[in-house]
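Pasting a structure below so you can have a look.
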Amino acid sequence: MLFYQSPAAGVSTVTGLNSTETDLSEGPGNLGNGFVRAIDALAGEEYFILIDNFSQNGGFDLTFTGTAVLPDNPVNNATSTTTNLDLTECDAIGNFNDGRTNFDLDSNTATILGTQTNTIISYHSTEEDASINNSPLTSPYLSTQNNEIIHIRIENTITGCFITDTFKLITIPGPQIATPSPFTVCDDANDGNDTNGFVSFLLRDKDNEILNGLDPANIIITYHLSQAGANAGTGIINKNTPFTNTTNPQKIFVRAQYVPTQPCTNTLSFVNFDLQVDPLPIANAISLIQCDEYLDTTDGITLFNLNEANNQITGGATDRTVLFFEDIASANAGTSSITNTNAYKNTTINQQLFIRVTDDTNRCYRITTLDLRVSATSANNAILRLCDDDGTEDGFREFDLTLANPQILGGIATPNLTIVYYQTIAEALSESNPITTITNTNSLTQGQDIVFARVENLNQCFGINQVQLFLDPLPNIESDTNYFLCQNEPNIEIHAGLPLNSAPIDFSILWSTNETTETILANQPGDYIVEITNQLTGCSKSRTVTVITSSVATIQSIDINDARDNNTVTINAEGLGSYEYAIEIHGVLSVYQDDPTFTNVPPGFHRVYVRDKNGCVPITTQDISVVGFPGYFTPNGDGFHDTWNVEGISTQIMSNSLIYIFDRYGKLIKQLRAGSPGWNGTYNGQLMPSSEYWFRVELEDGRILNGSFALIR
């Protein structure tokens, strides 16, 4: 009830809701009694009351009083009686392990209602459906999963009030057996044929794998040839007696059901598996022939590499394990196999071993035999002789051992022989670490290095023979050289360059000109190649003699820079050769030099020389004059510097040159011609005093030279 007053208007009015009124509105003021009819409120909804103050004075006060009456909710009597509503059924529809079966949901209705009246029950898949009464479920209800939750709606038909609750549908599946792996065995000869793929199986051996931990006392396992037989429980194969497959592979069907003392006896489970027969590996019985080369070569005891037989035993198949045994019992048990298979020493002549060949994929095995036989045949020993001609004459080289094959097999008519080389006899016996080439270990070995050739006939030892290695040096001839053919000579003699102190008869000589003499005459420039072969060893070595054309020099010109403090002379020579130069001064010849220029050449008459470095003769010479002036003279009769003259001119060289001598005052004292004895320091028979005198030289080549000199007494 709502209580309303308007103190400011002097009006006291009470208003509210009651169950006797039918009006939906009242007022204003004192019109009506102030009450309207009650409403039936629904849970979750909101309701509003509009109160309008029509007076013009003040406000009003609101006070909420009164009560609201709510109807009673229905109840789930199973909860009050602690009754379990969960329903349990056997998985009897379709596959007995898929959780699909029918449930009578209505079987719970009476328990839920109890003594309630005006109440209805419905069942739903979700809580939402139960709340809004959507999609009720009907009985019988097909559940598609184990432990499914069902939602209950319990509703009062008068008030509409309801509650929800849940219970579970529990489906008991068929026996939870496992699908077994294929029943795989190896073929055997129990039926007289170990290659036909038919053997006997004891099916009970699969029981434990199928039960997968289930109690065998609660489950009946039967085996059938078809799914139809398994479904019907007919055509049961006796699992306790051997069953031989009729195809390979063959499918077997399994039926599992609970024993009668267990619930859901008719709930079945089915699986199937294959019977699979794997083939045995190939295991050929063969013989292995070895040479009697171990210690005593006549006792029939030697070393065998048993692994060499593997390919023949298995027929070349891969993924095989081959074990060797000395007795059949060990081979069958797979124990105490031979470990030193690379070097097994037979205990008796023509000994027989037993072999267990296992397929690494399916683990099936077969037993066969290996006969060990000792060969008394042999090939030939050989000598392999080579020259040290690998490009480095150091006494070592690589030997191609196959070059010895013709010697080893010489005179042997047996076909299909093969040769493999080894460094030691032990490796040859065990056929380990084969080689085709080897480098000698002793410098210029003369048979100290030995290898072993194993001769085989279709993978059987025919003989093991020695190959001695010999390495011979090349002829120790002279190295390559150059010869020079002078332009003025018709030819030159060149030499083969045989080793010193050797007899020419010990060598054969072949020039590139097809001449075979120790020396030949070369008349053209170029390379002459001579091959010299040692007659004893057959080793050859080549030498190249290069003939180069040369010539005597021709002096084209000589550049003379004279009449100065540092006179220089440069010789300009031409020719085919390589030249060196010298100058003779006052009868003394200088050392030959590569530079054609000479410096500090004193004035006077000299001779220059140009020589061919390659030996072509004659030496080219030319006389030269270097003009110069002495700086003083001492006319005292002692025989040294008694006269003064211009050096480097004579009656033969620049003979028309004139020389004028003046005193310090410019007076002409003396006039000389080229080739004259020179000035003796007198004038008209009178001795001239010590002083500085001047000269003028008019050379024939047009040069005019001026200078001074001193007269010293």
Side-chain angles (χ1 to χ4, degrees), residues 555-572 581-591 593 595-610 620-713:
I555 296 177
Q556 298 295 321
S557 63
I558 300 176
D559 298 328
I560 301 173
N561 293 312
D562 53 4
R564 62 193 63 196
D565 292 337
N566 179 14
N567 300 319
T568 63
V569 175
T570 300
I571 305 169
N572 301 307
Y581 308 86
I583 187 169
E584 182 181 7
I585 298 175
H586 304 312
V588 178
L589 185 65
S590 69
V591 176
Q593 63 184 44
D595 190 346
T597 298
F598 297 93
T599 60
N600 295 313
V601 179
F605 299 100
H606 311 297
R607 177 171 290 178
V608 294
Y609 296 78
V610 182
T620 302
T621 64
Q622 184 171 322
D623 292 330
I624 63 171
S625 68
V626 177
V627 176
F629 318 102
Y632 68 95
F633 77 109
T634 56
N636 54 12
D638 61 359
F640 297 99
H641 309 296
D642 286 336
T643 61
W644 184 92
N645 203 348
V646 176
E647 298 180 14
I649 59 176
S650 66
T651 56
Q652 291 80 27
I653 299 176
M654 291 191 289
S655 59
N656 293 323
S657 299
L658 295 177
I659 305 167
Y660 302 94
I661 300 173
F662 304 89
D663 65 10
R664 59 190 298 184
Y665 303 108
K667 180 181 178 180
L668 178 64
I669 302 298
K670 185 72 173 177
Q671 178 178 337
L672 302 172
R673 284 190 174 273
S676 64
W679 182 46
N680 60 5
T682 63
Y683 177 70
N684 293 331
Q686 298 295 318
L687 297 177
M688 296 299 291
S690 297
S691 181
E692 189 83 7
Y693 293 85
W694 301 88
F695 66 85
R696 173 185 174 89
V697 179
E698 296 177 354
L699 295 176
E700 185 179 295
D701 60 11
R703 287 183 292 167
I704 296 177
L705 306 174
N706 296 293
S708 66
F709 62 90
L711 188 157
I712 303 173
R713 293 194 182 275

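Please read all numbers here as calculations on a predicted model, not as lab measurements.
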#### Entry: Spacing of OG belonging to S590 relative to OH belonging to Y609, to within rounding of 0.5 Å
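With rounding to 0.5 Å, OG (S590) is 9.5 Å from OH (Y609).
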### Which atom of D642 lies closest to which atom of G637, heavy atoms considered
OD1-N, 3.3 Å
### Query
Roughly how far, to the nearest 0.5 Å, is OG of S657 from CD1 of I704?
11.0 Å
### Query
side-chain hydrogen bond (donor to acceptor under 3.5 Å, both in side chains) with D562: which residues, sequence neighbours excluded?
R703
### Query
Is there a donor-acceptor contact under 3.5 Å linking the side chains of N645 and T643?
no
### Message
Testing the basics here: between H586 and H606, what is the closest heavy-atom pair and its distance to 0.1 Å?
### Response
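The pair with the smallest heavy-atom distance is N-ND1, 4.3 Å.
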## Note on the structure
Closest non-hydrogen atoms of S691 and R664, given as atom of the first, atom of the second and distance, are OG-CD, 4.0 Å
### Query
Do I661 and L672 have side chains that get closer than 4.5 Å, going by heavy atoms?
yes
### Partners meeting side chain to side chain contact (heavy atoms under 4.5 Å, CB included) with S690 (sequence neighbours left out)
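With sequence neighbours excluded, S690 shows a side chain to side chain contact (heavy atoms under 4.5 Å, CB included) to L711, R713, given in chain and number order.
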### side-chain contact (heavy atoms from CB on, under 4.5 Å) evaluation trace for I560 with I624
CA-CA 9 Å; I560 301 173; I624 63 171; 3.9 Å; yes
### Message
To check you understand the geometry: which heavy-atom pair defines the closest contact between A674 and S655, and what is its length?
### Response
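That closest heavy-atom pairing would be CB-O, 3.5 Å.
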### Query
Considering only heavy atoms from C-beta outward, does the side chain of H641 approach that of Y632 to under 4.5 Å?
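Sidechains of Y632 and H641: in contact.
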### Query
Any side-chain heavy atom of V608 sitting closer than 4.5 Å to one from T621?
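No - every pair of side-chain heavy atoms lies 4.5 Å or more apart.
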### Task
Please check if the side chain of S650 supplies one atom and the backbone of I653 the other of a donor-acceptor pair under 3.5 Å.
yes
### side chain to side chain contact (heavy atoms under 4.5 Å, CB included) against Y683, all qualifying residues, sequence neighbours excluded
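Listed in chain order: K667, I669, M688.
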### Task
Quick one: pull up CZ in F598 and CD1 in I583 and give me the separation to the nearest 0.5 Å.
5.5 Å
### Task
Tell me whether the centres of the aromatic rings in W679 and F633 are closer together than 6.0 Å.
yes
### Approximate separation, where rounding is to 0.5 Å, of L658 CG and R696 CZ
10.0 Å
### Contact check, side chains of V627 and E647, non-hydrogen atoms, under 4.5 Å
no
### Query
Between T597 and T568, is there a donor-acceptor pair closer than 3.5 Å when you use the side chain of the first and the backbone of the second?
no
### Query
Of all residues at least two apart in sequence or in a different chain, which pass the side chain to side chain contact (heavy atoms under 4.5 Å, CB included) check with F695?
F629, W644, V697, F709
### Query
Hey, are D559 and N572 close enough side-chain-wise for a donor-acceptor pair under 3.5 Å?
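Yes, because at least one side-chain N or O of N572 sits under 3.5 Å from a partner of the opposite role on D559.
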#### Entry: Evaluation steps, side-chain contact (heavy atoms from CB on, under 4.5 Å), between V626 and V569
CA-CA 9 Å; V626 177; V569 175; 4.2 Å; yes
### Message
Does Q556 have more than 12 heavy atoms from other residues, nucleotides or ligands lying within 6.0 Å of its CD?
### Response
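Result for CD/Q556: enclosed.
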### Task
Working to the nearest 0.5 Å, report the span between CD of Q622 and CD1 of I555.
5.0 Å
### Task
For residues 669-690, pull every pair meeting salt bridge (charged side-chain N to carboxylate O under 4.0 Å, His left out), keeping only residues two or more places apart or in separate chains.
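Non-adjacent pairs meeting salt bridge (charged side-chain N to carboxylate O under 4.0 Å, His left out): zero.
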### Task
To the nearest 0.5 angstrom, please state how far the CG atom of L699 sits from the CD1 atom of I649.
6.0 Å
### Task
Check whether any side-chain N or O of E700 sits under 3.5 Å from a backbone N or O of N656 as a donor-acceptor pair, and report yes or no.
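Such a contact is found between E700 side chain and N656 backbone.
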### Message
Test of understanding: with side chain to side chain contact (heavy atoms under 4.5 Å, CB included), list the residues that count as partners of E692, not counting sequence neighbours.
### Response
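Partners of E692 under the side chain to side chain contact (heavy atoms under 4.5 Å, CB included) test: S708, A710.
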